[in-house]
Amino acid sequence: MIEHFFFAMNLIALVFFLAGASYFYKEHRFERKDFIGTTKLLTAGIILLAVSIMVDLIQGLQNYFDINYFFQRLGMKAIDLVYINELAFLPLAGISFLMAMILLKKHI
Amino acid sequence: MDFTIIFYISGFCVAALFTIATIIWWKINNENPTLYKCRHALNYILLIAFIFMVRAFRIIPDPQSIRLMLQHLLLALVALGFFFEIKRIYKKNLIKRKKELEQVINLDVENPLKDELSREVIKPELKKLEGLRNLIQNENKILEQKKAKLEKWEDKLEDLNNELTLEKRKLIQLNKELKAKEKELKNMDVSLENRKRKVEQKEKNYRKKEDKLKKKRDEIKKISSMIEDEKRNIEKKIKKLKLIEADIKDQKEDIKREQKKLKELKK
């Protein structure tokens with residue numbers, strides 16, 4: 001039961017993060033022209049977060065389908081997605097946010 | 001090193017990155033609250049740092065999955081909050097921009113932005129357009145001059161064209177004549193060939209006759225040489241005959257003398 005809850009929450013988060021990222025990027029035309037880099041970096045960070053949530057979702061699919069077969073064909077296991085998430089997408093998202101803030105601070 | 005330890009370290013690093021970003025943002029927002037128009041949306045998104053901090057403490061045992069539930073719930077709430085906030089801000093800014101644009105376009109509404117727009121944007125543009133108009137006028141003059149020249153050239157071209165058509169007609173006539181002559185020449189060529197064949201035939205016949213004549217001449221030569229030989233023989237024989245005749249005459253004279261002698265003797 002708890003897996004379904006996690007899956008639903010992840011799905012909501014993914015959809016709303018992606019939609020929000022779209023609005024966030026469109027918002028840049030109301031901001032100062034110097035902030036375009038910051039906006040791009042922040043949008044990239046949000047998208048990376050959404051991707052990491054999507055990876056979690058794919059892992060959550062194990063409860064409904066036998067996705068291990070598919071991953072075995074690719075020469076990996078479903079658990080490998082956790083490594084990708086933990087060591088690639090999330091740190092990259094963090095770096096992206098940090099860079100955006102540093103860039104914003106430079107403009108002050 | 002075990003992967004779980006790497007995960008713990010990575011989780012803390014991510015949480016630290018997001019926390020530092022949030023602190024920087026907090027400082028920027030305190031210094032200049034009107035810097036970023038969608039600052040509330042950024043506040044929402046940076047709440048994620050809190051979720052990652054919760055996530056980083058997975059080292060603590062969680063038998064009833066309360067931490068996980070809290071983490072997922074907070075993530076969904078942050079996403080929802082971020083989406084609705086950014087949408088609200090975007091719509092608000094869009095409506096504001098539309099109003100500003102409508103005010104700028106509307107002549108009845110007094111707006112300081114309008115004066116600024118006309119002073120800063122439209123006036124320089126008008127100056128540029130004036131310059132462009134002058135340029136276009138100059139270009140037009142040059143173009144008219146060129147047009148007049150072109151018309152002259154066109155007249156000349158027309159004359160040349162007429163001359164060319166005449167020449168063309170002449171050429172066509174000449175071509176026809178040439179073709180007729182060519183036909184004649186071909187006919188002549190055919191007749192010449194026929195004649196040539198006849199001449200060749202005659203030549204062959206002549207050669208045959210010549211050969212025959214040669215043969216006959218050779219025969220005649222042979223015969224004439226034979227005749228000459230015969231002549232020589234005859235001459236030789238005549239000479240011999242003459243000698244014999246002379247002998248006979250001598251003998252006759254001798255006989256006559258002897259007869260005379262005999263007669264004298266008889267007497």
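Hydrogens, waters and symmetry mates are skipped; everything else that's a heavy atom, side chains included, is used.
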Tell me, side chain or backbone of A:Leu92 under 4.5 Å from chain B's heavy atoms, or both, or neither? neither
Note, B:Gln173 side chain near B:Lys170 side chain (heavy atom, < 4.5 Å): no
Would B:Arg88 and B:Glu85 satisfy salt bridge (Lys or Arg N to Asp or Glu O under 4.0 Å), going step by step from the backbone distance to the final call? CA-CA 5 Å; B:Arg88 189 185 64 78; B:Glu85 183 59 30; 2.6 Å; yes
Looking at B:Leu77, B:Ile45, B:Asn32, which one has more heavy-atom pairs under 4.5 Å with chain A than the rest? B:Ile45
Does this structure show an ion pair linking B:Glu130 with B:Arg133, if we count only N-O contacts that are shorter than 4.0 Å? yes
May I ask you to name which of A:Leu87, A:Ile95, A:Ile46 has the most heavy-atom pairs under 4.5 Å with chain B? A:Ile46
Under a 4.5 Å heavy-atom cutoff, which of B:Ile89, B:Leu35, B:Leu46 has the most pairs with chain A? B:Leu35
A:Gln59 backbone acceptor or donor facing A:Gln62 side chain under 3.5 Å: yes
Aromatic ring pairing A:Phe6/B:His72, orientation class (parallel under 30°, perpendicular over 60°, tilted between): parallel
Between B:Phe84 and chain A, which part of the residue has a heavy atom less than 4.5 Å away: side chain, backbone, both or neither? side chain
When A:Leu11, A:Asp56, A:Ile102, A:Thr39 are compared by non-hydrogen pairs under 4.5 Å with chain B, the top option: A:Thr39
Count the heavy-atom pairs under 4.5 Å between each of A:Phe5, A:Phe35, A:Phe24, A:Phe30 and chain B, then report the option with the highest count. A:Phe30
Between A:Glu86 and B:Arg55, is there a side-chain N and carboxylate O pair less than 4.0 Å apart? yes
Can you tell which of A:Gly94, A:Ser22, A:Ala8 has the highest number of heavy-atom pairs within less than 4.5 Å of chain B? A:Gly94
Given B:Thr19, B:Val78, B:Ile24, the one with more heavy-atom pairs under 4.5 angstrom with chain A than any other is B:Ile24
Go through the atoms of B:Cys13 and report whether side chain, backbone, both or neither lie under 4.5 Å from a heavy atom of chain A. neither
Any sub-3.5 Å donor-acceptor pair from A:Glu27's side-chain atoms to B:Lys37's backbone N or O? no
Taking the inter-plane angle between the rings of A:Phe17 and B:Phe82 on a 0 to 90° scale, is it parallel (under 30°), tilted (30 to 60°) or perpendicular (over 60°)? tilted
What verdict does the ring pair (Phe, Tyr, Trp, His ring centres under 6.0 Å) test give for A:Tyr64 and A:Phe7, after you've listed the backbone C-alpha separation in whole Å, the side-chain angles of each residue and the deciding distance to 0.1 Å? CA-CA 11 Å; A:Tyr64 309 103; A:Phe7 191 80; 5.2 Å; yes
Any ion pair linking B:Glu193 and B:Lys196 (charged N to carboxylate O, less than 4.0 Å)? no
In terms of heavy-atom proximity below 4.5 Å to chain B, should A:Ile2 be classed as side chain, backbone, both, or neither? side chain
Counting heavy-atom pairs under 4.5 angstrom with chain A, the leader among B:Asn93, B:Val14, B:Leu17 is B:Asn93
Name the region of A:Arg32, side chain, backbone, both or neither, that has any atom closer than 4.5 Å to a heavy atom of chain B. side chain
Under a plain distance cut-off of 3.5 Å, with no hydrogens placed, do B:Trp25 and B:Asn43 share a side-chain donor-acceptor pair? yes
Chain A shares the most heavy-atom pairs under 4.5 Å, among B:Lys96, B:Arg97, B:Lys27, with B:Arg97
So what's closer than 4.5 Å to chain A heavy atoms on B:Leu94: side chain, backbone, both or neither? both
Honestly, the part of A:Ala21 sitting under 4.5 Å from a heavy atom of chain B is backbone
Among A:Leu18, A:Leu42, A:Val15, A:Leu14, single out the residue with the greatest number of heavy-atom pairs under 4.5 Å to chain B. A:Leu42
